[in-house]
Amino acid sequence: METPGLVVHGQSAPFSSALRSLVNNPLYSDVRFVVGQERKEVFAHRCLLACRCNFFQRLLGAESGPGVPSPVVLSTVPAEAFLAVLEFLYTNSAKLHRHSVLEVLTAAVEYGLEELRELCLEFVMKMLDVELVCEALQVAVTFGLGPLQERCVAFIEVHSQETLRTRGFLELSAPALLLLLRSDKLCVDEAELVLATRSWARVGAAVLERPVAEVAAPVVRELRLALLAPAELSALEEQNRREPLIPVEQIVEAWKCHALRRGDAARGAPCRRRRGTVVREHHRFLDLPFK
């Protein structure tokens with residue numbers, strides 16, 4: 001009877017180093033990519049990519065025949081992120097950077113690389129700050145990354161005012177902004193939130209070449225206008241005439257709360273204070289404290 005074999009392991013570091021030397025190395029390469037808007041040429045090895053990733057197995061399996069293969073164009077992934085993906089496929093490790101990790105995460109999700117995706121998520125959650133959080137939230141919403149989405153919203157709830165002033169906030173999609181406006185825990189007053197939403201809608205209107213009110217329509221219903229004092233509401237109403245942002249009926253609902261001196265007319269979120277709401281004299285009539 002044959003003696004069972006024994007699996008022995010050599011040193012992993014030299015093996016990993018040798019494979020890393022093949023990343024973007026034209027030596028023995030049999031596939032070329034043209035990646036990113038910069039159209040950078042990247043060299044790779046078909047068999048390694050195919051055995052490590054189903055996405056590349058399907059992508060490269062369609063190519064066959066003699067001669068020099070045509071380059072595979074991947075225009076949506078930046079070159080730096082693509083090289084990080086290749087490094088992971090070759091060595092099962094990758095060097096991540098704060099400025100590009102979300103692009104690597106996006107590529108990992110699109111290519112079905114679950115292990116790399118989890119490593120990127122762990123890195124992002126550790127590096128989360130005011131400048132990164134809105135971009136991370138947008139990626140989380142786009143790809144349905146629940147734990148990252150929850151972490152980003154929780155971070156913004158604590159650092160609301162600083163976050164509203166970032167470029168990333170202005171570039172949020174409507175579904176991502178909607179998540180924030182529905183939160184009771186934002187540490188920001190409603191007047192500031194209205195201003196931030198107007199700025200967000202102006203940027204979207206310029207990019208999409210659509211009216212401000214049309215861009216804002218999916219999110220403005222979550223603004224709690226009844227929390228504003230009468231003078232603030234009057235000023236908002238006047239500005240709304242010059243630059244429509246909020247439906248007239250929504251402003252009327254807020255005035256009704258003031259007229260009736262109670263929150264019953266707009267029960268629930270429209271009258272509920274947020275964590276950062278500045279207390280105003282009329283709030284005692286709403287009888288809806290922060291929860």
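F155 places a side-chain heavy atom less than 4.5 Å from the side chain of V130. With contacts defined as side-chain heavy-atom distances shorter than 4.5 Å, the pair C257/H282 does not qualify. Taking the side chain as every heavy atom from C-beta outward, V133 and H159 never approach each other to under 4.5 Å. Taking 4.5 Å as the limit, every side-chain heavy atom of L49 sits out of range of all side-chain heavy atoms of L59. The shortest side-chain heavy-atom distance between R273 and V279 falls under the 4.5 Å cut-off. Annotation: side chain of L178 is in contact with side chain of E222 (closest heavy-atom distance under 4.5 Å). Here the side chains of Q149 and L137 are in contact, with some heavy-atom distance below 4.5 Å. Put simply, the side chain of L233 does not reach to within 4.5 Å of the side chain of E237, judged on heavy atoms.
Under the rule for a side-chain contact (heavy atoms from CB on, under 4.5 Å), E209 has no partner lying at least two apart in sequence or in another chain. The salt bridge (charged side-chain N to carboxylate O under 4.0 Å, His left out) check on E190 picks up R274, with sequence neighbours excluded. The ring-ring contact (aromatic ring centres under 6.0 Å, His included) check on Y90 picks up H45, with sequence neighbours excluded. Partners of E150 under the side-chain contact (heavy atoms from CB on, under 4.5 Å) rule, at least two apart in sequence or in another chain, do not exist in this structure. Under the rule for a side-chain contact (heavy atoms from CB on, under 4.5 Å), the partners of R165 that lie at least two apart in sequence or sit in another chain are Q161, E162. Contacts of H99 classified as ring-ring contact (aromatic ring centres under 6.0 Å, His included), with partners at least two apart in sequence or in another chain: H97. Residues passing the side-chain contact (heavy atoms from CB on, under 4.5 Å) test with P175, sequence neighbours excluded: V141, S173. Residues satisfying the ring-ring contact (aromatic ring centres under 6.0 Å, His included) test with F169, not counting sequence neighbours, are none.
Hydrophobic cluster membership is shared by L86 and F15, with clusters built from Ile, Leu, Val, Met, Phe, Trp and Tyr side chains linked at under 4.5 angstrom. Cluster annotation: L74 is not connected to V34 through the hydrophobic network of ILVMFWY side chains, with a link wherever side-chain heavy atoms come within less than 4.5 Å. Following chains of ILVMFWY side-chain contacts shorter than 4.5 Å, one cannot reach L48 starting from Y28, and the two form parts of different hydrophobic clusters. Using a 4.5 Å cut-off between side-chain heavy atoms of Ile, Leu, Val, Met, Phe, Trp and Tyr, with links allowed through other members, F82 and F55 fall into the same hydrophobic cluster. In the hydrophobic cluster analysis, where Ile, Leu, Val, Met, Phe, Trp and Tyr join through side-chain heavy atoms closer than 4.5 angstrom, L19 is grouped together with V23.
Considering every non-hydrogen atom in both D189 and R280, the closest pair reads OD2-NH2, 2.6 Å. Between R275 and C187, the shortest heavy-atom contact is CD-SG, 3.5 Å. Nearest heavy atoms, R20 versus S93: NH2-OG, 2.9 Å. The minimum heavy-atom distance linking S75 with Q37 is given by the pair O-NE2, 3.3 Å.
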If you look only at distance, which donor and acceptor atoms sit under 3.5 Å apart when one is on a side chain in residues 194-204 and the other is two or more places apart or in another chain?
from, atom 1, to, atom 2, distance (Å)
T197, OG1, L193, O, 2.8
R198, NH1, E243, O, 3.0
R198, NH1, E243, OE1, 2.8
S199, OG, L195, O, 3.2
W200, NE1, L172, O, 2.8
R202, NE, E243, OE1, 3.2
R202, NE, E243, OE2, 3.0
R202, NH2, E243, OE1, 2.8

Enumerate donor-acceptor pairs with a distance under 3.5 Å from any side-chain N or O in residues 104-127 to protein atoms, sequence neighbours excluded.
from, atom 1, to, atom 2, distance (Å)
T106, OG1, L102, O, 2.9
E122, OE2, K126, NZ, 3.4

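Summarising the geometry, atom OG belonging to S16 is positioned 8.5 Å from atom CG belonging to N92; distances are rounded to the nearest 0.5 Å.
Residues in residues 93-104 take part in these salt bridge (Lys or Arg N to Asp or Glu O under 4.0 Å) pairs, two or more places apart or across chains: R98-D129. Listed by first and then second residue, the salt bridge (Lys or Arg N to Asp or Glu O under 4.0 Å) pairs involving residues 34-43 are R32-E41 (not counting sequence neighbours).
Distance alone, capped at 3.5 Å, places no donor-acceptor pair between the S29 side chain and the N25 backbone.
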